[in-house]
Amino acid sequence: MIKSMTGLGVGEFQKDSITYNIEIRSVNNRFLEISSRFPGSISRYEHDIRELIRKRIERGKLYITVSIQQANGESVGLRVVPEKARLIHKLLTDLKCETGIDEEVGLDHLLKFSEIFEAGENGTENGEHWEGIREALIVTIDNLDTMRQQEGELLSFDLQDRIRGLKEKVTTIEQLAKENLAEKHRKLEERIQQLLNQHAMDEDRLYTEIAILSDKLDVTEECVRLKSHNQIFEETLEKGQAVGKKLNFLLQE
């Protein structure tokens, strides 16, 4: 069964007094593209996180957010650098005076500068957070995969219904073509006979043109190709793989 590329996955894992939270949002994209937002203390695991995702997800643009909290709600792995915070506050205050801006320098201004934070001493250098991150990430990917599969099933049902409609229309076209072809040939022969009676014409050239016109009236080839594409489309839908590119090609055909 096909899967959608859009979805949301949320996962949580607790270890001791630490809670690991991960969220992945997925939207359509031709390839796999991962956009991440990690606290500085766990950026060292970014490669491992991406590799784990690549093993499970083939396509889509993913937005990943990771957070780690202690039982008391405090974030793990970051601490404020007071010296840098005071320096940036002074620079902003001087800038305010130089430009004549009335707005007071506040916390929201300081938070725009990542330099005021640095990795804290929470054991992250020893890699003790990776186990919690990995477990939370597995849960998150499972939840994302479930949602993408559910949406994919709904899309598949809709596409199959449309293919059935195309099949019915092709059958109708083939029936109408058979009925109309004989009538069009009869009228064409009558018109040709009238022209032959009225004008001198090269009969060999005339019948060659008639053959060409008759071939254009025949839609058998187009109907056969459409039925073939419909069959391949249905077979492709049943495969549990990344089949979007092949389906798109068939639709263009």
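Below, each value reflects all heavy atoms present in this structure, side chains not excepted, and no hydrogens, waters or symmetry copies.
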Residue pair Ile49, Ser36: steps toward the side chain to side chain contact (heavy atoms under 4.5 Å, CB included) verdict: CA-CA 10 Å; Ile49 292 172; Ser36 56; over 6 Å; no

Audit row: Leu91, Leu95, side chain to side chain contact (heavy atoms under 4.5 Å, CB included) steps and yes/no: CA-CA 6 Å; Leu91 290 173; Leu95 178 62; over 6 Å; no

Side chain to side chain contact (heavy atoms under 4.5 Å, CB included) between Glu104 and Lys96, worked out: CA-CA 8 Å; Glu104 292 297 327; Lys96 169 181 171 297; 4.1 Å; yes

Side chain to side chain contact (heavy atoms under 4.5 Å, CB included) evaluation trace for Lys167 with Glu234: CA-CA 12 Å; Lys167 287 181 176 180; Glu234 288 182 308; 2.7 Å; yes

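A side-chain contact (heavy atoms from CB on, under 4.5 Å) with Leu62 holds for exactly one of Leu32, Asn29, Val27; it is Leu32. Test Glu135, Lys15, His129, Gln14 against Tyr20 for side-chain hydrogen bond (donor to acceptor under 3.5 Å, both in side chains) and you get one pass: His129. Results of the side-chain contact (heavy atoms from CB on, under 4.5 Å) test with Ile22 over Leu137, Asn143, Val139 single out Leu137 as the only residue that passes.
For the atom pair CZ of Phe13 and CD1 of Ile68, the computed distance is 12.0 Å after rounding to the nearest 0.5 Å. One finds the CG atom of Leu226 at 11.0 Å from the CG atom of Leu250 (value rounded to the nearest 0.5 Å). The structure places CG of Leu166 at 9.0 Å from CD1 of Ile173, a figure rounded to the nearest 0.5 Å. Taking CD of Gln160 as the start and OG of Ser156 as the end, the distance is 4.0 Å to the nearest 0.5 Å. With rounding to the nearest 0.5 angstrom, the CG atom of Asn21 is 10.5 Å from the OG1 atom of Thr65. Here Glu151 contributes atom CD and Lys3 contributes atom NZ; the two are 13.0 Å apart, rounded to the nearest 0.5 Å.
With a 4.5 Å cut-off on side-chain heavy atoms, Ile64 and Ile53 count as touching. Contact annotation: the side chain of Arg148 approaches that of Ile57 to within less than 4.5 Å [non-hydrogen atoms, C-beta and beyond]. Looking at heavy atoms from C-beta onward, Glu51 lies in side-chain contact with His47 at the 4.5 angstrom threshold.
When the side chains of ILVMFWY residues are joined at heavy-atom separations under 4.5 Å, either directly or via intervening members, Leu52 and Tyr45 end up in a single hydrophobic cluster. Under the 4.5 Å side-chain heavy-atom criterion for ILVMFWY residues, a single connected hydrophobic cluster contains both Leu92 and Leu107. Clustering ILVMFWY residues whenever any of their side-chain heavy atoms sit less than 4.5 angstrom apart, transitively, puts Ile88 in the very cluster that holds Val105. Placement of Ile138 and Leu144 within a single hydrophobic cluster is found when ILVMFWY residues are connected by side-chain heavy-atom separations under 4.5 Å, directly or transitively. Tracing side-chain contacts under 4.5 Å through hydrophobic residues (I, L, V, M, F, W, Y), one reaches Ile34 starting from Ile141; they form part of the same cluster.
The shortest heavy-atom contact between Ser4 and Leu155 is CB-CD1, 4.1 Å. Residues Asp48 and Trp130 share a closest heavy-atom pair of CB-CH2, 3.4 Å. Taking both residues in full, the closest heavy atoms of Ala85 and Ile116 are given as CA-CG2, 3.8 Å, listed atom of the first, atom of the second, then distance.
Using modelled atom types, one side-chain atom of Thr93 and one backbone atom of His89 make a donor-acceptor pair closer than 3.5 Å. In this structure a side-chain-to-backbone donor-acceptor pair under 3.5 Å is present from His109 to Gly106. Checking side-chain atoms of Ser26 against main-chain N and O of Met5 turns up a donor-acceptor pair under 3.5 Å. Between the side chain of Arg25 and the main chain of Leu8, no donor-acceptor pair closer than 3.5 Å is present. Counting only distance, with no hydrogens or angles, the side chain of Thr146 and the backbone of Asp142 share a donor-acceptor pair below 3.5 Å.
More than 12 heavy atoms of other shown residues, nucleotides or ligands fall within 6.0 angstrom of atom CZ in Arg54. When the shell of 6.0 Å around CD of Glu83 is examined, it contains more than 12 heavy atoms from other residues, nucleotides or ligands. No more than 12 heavy-atom neighbours from other residues, nucleotides or ligands sit within 6.0 angstrom of CZ on Arg225. Counting non-hydrogen atoms of other residues, nucleotides and ligands closer than 6.0 Å to CZ of Arg134 gives a total above 12. By the neighbour-count criterion of 12 heavy atoms within 6.0 Å, atom CD of Glu98 is sparsely surrounded, having that number or fewer from other residues, nucleotides or ligands.
With respect to the salt-bridge test (charged N to carboxylate O, under 4.0 angstrom), the residues Asp161 and Arg164 qualify. Contact check on Glu46 versus Arg50 returns a salt bridge, with a Lys/Arg side-chain nitrogen under 4.0 Å from an Asp/Glu carboxylate oxygen.
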